[in-house]
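The next block holds one structure in the form of structure tokens; read it before the comments.
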Amino acid sequence: MNFWNGKRIVIGLGGGIAAYKCLELIRRLREAGAAITPVATPDALRFVTPLTLQALSGTPARTELFAPSEPDGMDHIRLAREADLLIVAPATANLLARMAQGQADDLLTALLLARRGPVLVAPAMNPAMWEHPATRRNVLTLREDGILFAGPETGPMACGEDGQGRMSEPATILEAARRALTPKILAGRRILITAGPTREELDPVRYLTNHSSGKMGWEIARAALRAGAQVDLVQGPVSLAPPLGVRLHPVTSACDMLEAVLSVWLRNRCGQTGPDAAILSAAVADYRPETRQTDKIKKGAEPGNLTLSLAPNPDILAMLSAWSGVRLRDGRQRVVVGFAAETGQALERGREKRLRKGCDLMAINDVSAPGSGFGTDTNAVTLIGRDGLEDPWPLLSKELVAERLIAAVADWLDHPRVPDPRMDRCNPT
Ligand code: C5P
């Protein structure tokens with residue numbers, strides 16, 4: 001089911017020019033299936049009209065604390081109680097100050113004071129106002145009160161200045177709202193994810209690679225962040241910008257990827273805590289040129305056909321799985337998840353691959369099936385596990401596949417499965 005379907009969202013608008021971007025946020029949320037109630041301060045109505053807000057949200061805009069249409073004068077209490085999420089965008093310096101002080105002198109601030117559930121604010125103001133000690137104090141107070149923030153961002157402002165204070169784009173606020181509403185099943189957990197292809201260089205201008213877009217790993221990283229995890233993303237060359245909030249480790253070749261993965265996974269050796277789980281969705285090249293030529297290989301340098309000599313790359317998944325039986329210093333068991341992209345006889349091959357690589361869970365994907373595989377937005381996955389699990393999922397968007405996978409990993413971490421014979425090995429740390 002669509003995440004936003006039936007979600008009740010109150011959108012509070014303050015009086016700033018960024019109010020125009022909020023209209024796009026309302027449009028997107030409504031399109032996604034949310035029920036929107038716009039609430040505008042008197043100053044917000046200098047920038048947008050009640051009619052615009054009503055036309056875009058499908059609900060009359062609320063603008064007055066004591067509206068004649070609300071005979072009991074309880075609109076602010078009702079809205080504060082019923083909303084799944086309250087988003088304030090734009091949150092001006094004045095609005096943040098009034099919120100921090102607990103003022104309730106208009107409908108929006110009154111309902112913010114009556115609110116017990118999550119509130120997300122998207123500040124927008126001139127950089128000098130954002131940097132002012134008074135605003136810094138107010139932001140600190142609001143954070144301590146549990147208010148969530150999206151932005152502000154750095155860039156050119158309507159006032160002509162360049163600096164921090166721009167309201168975040170609607171897509172960023174939407175993602176922050178989604179995070180605010182997602183149950184934190186991975187709170188306190190660290191997750192390592194690999195994504196994308198690797199690139200194996202032949203010479204300074206040529207390389208061997210594959211069709212991986214990195215989309216699956218990107219969705220897994222986003223789902224893990226939404227679930228409250230800290231995420232290390234080791235990513236081969238892709239065109240996707242990483243999700244906001246990940247610790248990114250960009251790599252090129254399989255050997256670079258192995259180095260980055262091990263340095264994150266083994267971090268507990270240096271007194272730090274390593275990740276609880278690794279989800280390896282990268283399409284790692286199985287072979288690399290045995291030698292990388294320092295000069296461009298010349299056409300016709302060899303008579304007849306050009307022969308490339310390839311050397312096998314290290315199997316990162318198999319290596320991590322061999323280490324995963326080693327508990328972290330605090331006794332936690334770790335989980336390693338692999339992916340198997342197969343063409344035909346996917347389940348049998350996937351079972352064999354999980355055993356050979358030794359991972360706990362494996363997401364098997366028949367990339368020859370319609371709608372599944374590289375560059376598509378959907379995937380048909382069967383999740384199998386060391387504990388005997390064999391769960392065929394229907395064709396789902398990669399976003400939903402990622403969400404299910406994160407739920408499975410969280411469940412495994414919370415309820416470690418069968419005793420693992422590898423646990424008997426001595427801990428090499
Ligand atoms: O053997 P195959 O490439 O089908 O295995 C796929 C799984 O193994 C994926 O999880 C992939 O990230 C991982 N893998 C790896 N290192 C390799 C090859 C694959 O970690 N050299």
Side-chain angles (χ1 to χ4, degrees), residues 191-201 207-221 223-224 231-238 249-266 275 277-290 310-324 334-369 372-374 379-386 398 401-402 404-406 408-409 412:
I191 311 291
L192 163 65
I193 295 164
T194 68
T198 64
R199 202 178 264 183
E200 312 296 329
E201 293 191 356
Y207 53 79
L208 303 175
T209 191
N210 57 60
H211 287 300
S212 169
S213 62
K215 183 95 199 300
M216 193 64 245
W218 189 90
E219 290 288 5
I220 295 168
V231 177
D232 282 276
L233 177 63
V234 177
Q235 184 175 261
V238 295
H249 308 263
V251 295
T252 305
S253 67
C255 290
D256 297 343
M257 184 171 275
L258 174 67
E259 197 181 319
V261 161
L262 288 183
S263 85
V264 174
W265 191 245
L266 302 178
I279 306 176
L280 304 192
S281 68
V284 185
D286 291 321
Y287 292 91
R288 64 178 182 280
E290 205 158 32
L310 301 178
N313 269 328
D315 194 315
I316 307 168
L317 179 60
M319 288 176 78
L320 273 207
S321 300
W323 277 84
S324 71
R334 309 171 105 177
V335 177
V336 177
V337 186
F339 271 75
E342 304 294 343
T343 49
Q345 294 180 296
L347 190 56
E348 296 88 89
R349 289 185 174 155
R351 282 188 197 125
E352 182 276 321
K353 190 168 284 183
R354 195 203 65 71
L355 274 173
R356 183 161 39 87
K357 303 216 179 202
C359 54
D360 300 295
L361 290 166
M362 183 150 249
I364 305 171
N365 179 10
D366 185 346
V367 286
S368 61
S372 226
F374 293 129
N379 250 359
V381 161
T382 298
L383 187 68
I384 65 168
R386 179 190 292 290
K398 286 185 175 170
V401 169
R404 283 197 181 200
L405 198 59
I406 287 301
V409 168
W412 191 294

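One is the number of the first residue; the rest follow in order along the sequence. Ligands are counted one by one from 1 in listed order, and the atoms in each one are counted from 1 as well. No hydrogens, no waters, no symmetry mates; every other heavy atom, side chains included, goes into these values.
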| task | For side chain to side chain contact (heavy atoms under 4.5 Å, CB included), just list the numbers for Trp265 and Ile316, CA-CA rounded to whole Å, side-chain angles, deciding distance to a tenth of an Å, and then say yes or no. | result | CA-CA 11 Å; Trp265 191 245; Ile316 307 168; over 6 Å; no
| task | Please determine if Glu201 and Arg288 form a salt bridge, counting it only when a charged side-chain N lies under 4.0 Å from a carboxylate O. | result | no
Please identify which atoms of ligand 1 are closer than 4.0 Å to at least one heavy atom of [X].
X	answer
Leu317	7 (C), 8 (O), 10 (O), 13 (C), 15 (C), 20 (O)
Gly338	10 (O)
Pro314	16 (N), 17 (C), 21 (N)
Asp315	15 (C), 16 (N), 17 (C), 20 (O), 21 (N)

Looking at [atom], what's its closest protein heavy atom, distance included?
atom	value
atom 12 (O) of ligand 1	Ala282 O, 2.7 Å
atom 3 (O) of ligand 1	Asp286 OD1, 3.9 Å
atom 10 (O) of ligand 1	Leu280 O, 2.6 Å
atom 16 (N) of ligand 1	Ile316 N, 3.1 Å
atom 6 (C) of ligand 1	Phe339 O, 2.9 Å

| said: I'd like to check the salt bridge (Lys or Arg N to Asp or Glu O under 4.0 Å) partners of Glu259; sequence neighbours left out, ordered by chain and number. | reply: none
| task | Assess the side chains of Asn365 and Asn379: does a donor N or O sit below 3.5 Å from an acceptor N or O? | result | yes
What's the separation between atom [atom1] in [X] and atom [atom2] in [Y], rounded to the nearest 0.5 Å?
X	Y	atom1	atom2	result
Asn210	Glu200	CG	CD	9.5 Å
Glu352	Met362	CD	CE	9.5 Å
Ser253	Leu258	OG	CG	9.5 Å

| request: Answer yes or no for Lys357: is there a heavy-atom contact with ligand 1 below 4.0 Å? | output: yes
| message | Under 3.5 Å between any N/O of Lys353 and any N/O of ligand 1: does that happen in this structure? | response | yes
| Taking only residues two or more places apart in sequence, or in another chain, which ones meet Ser368 in a side-chain contact (heavy atoms from CB on, under 4.5 Å)? | Thr343, Asp366
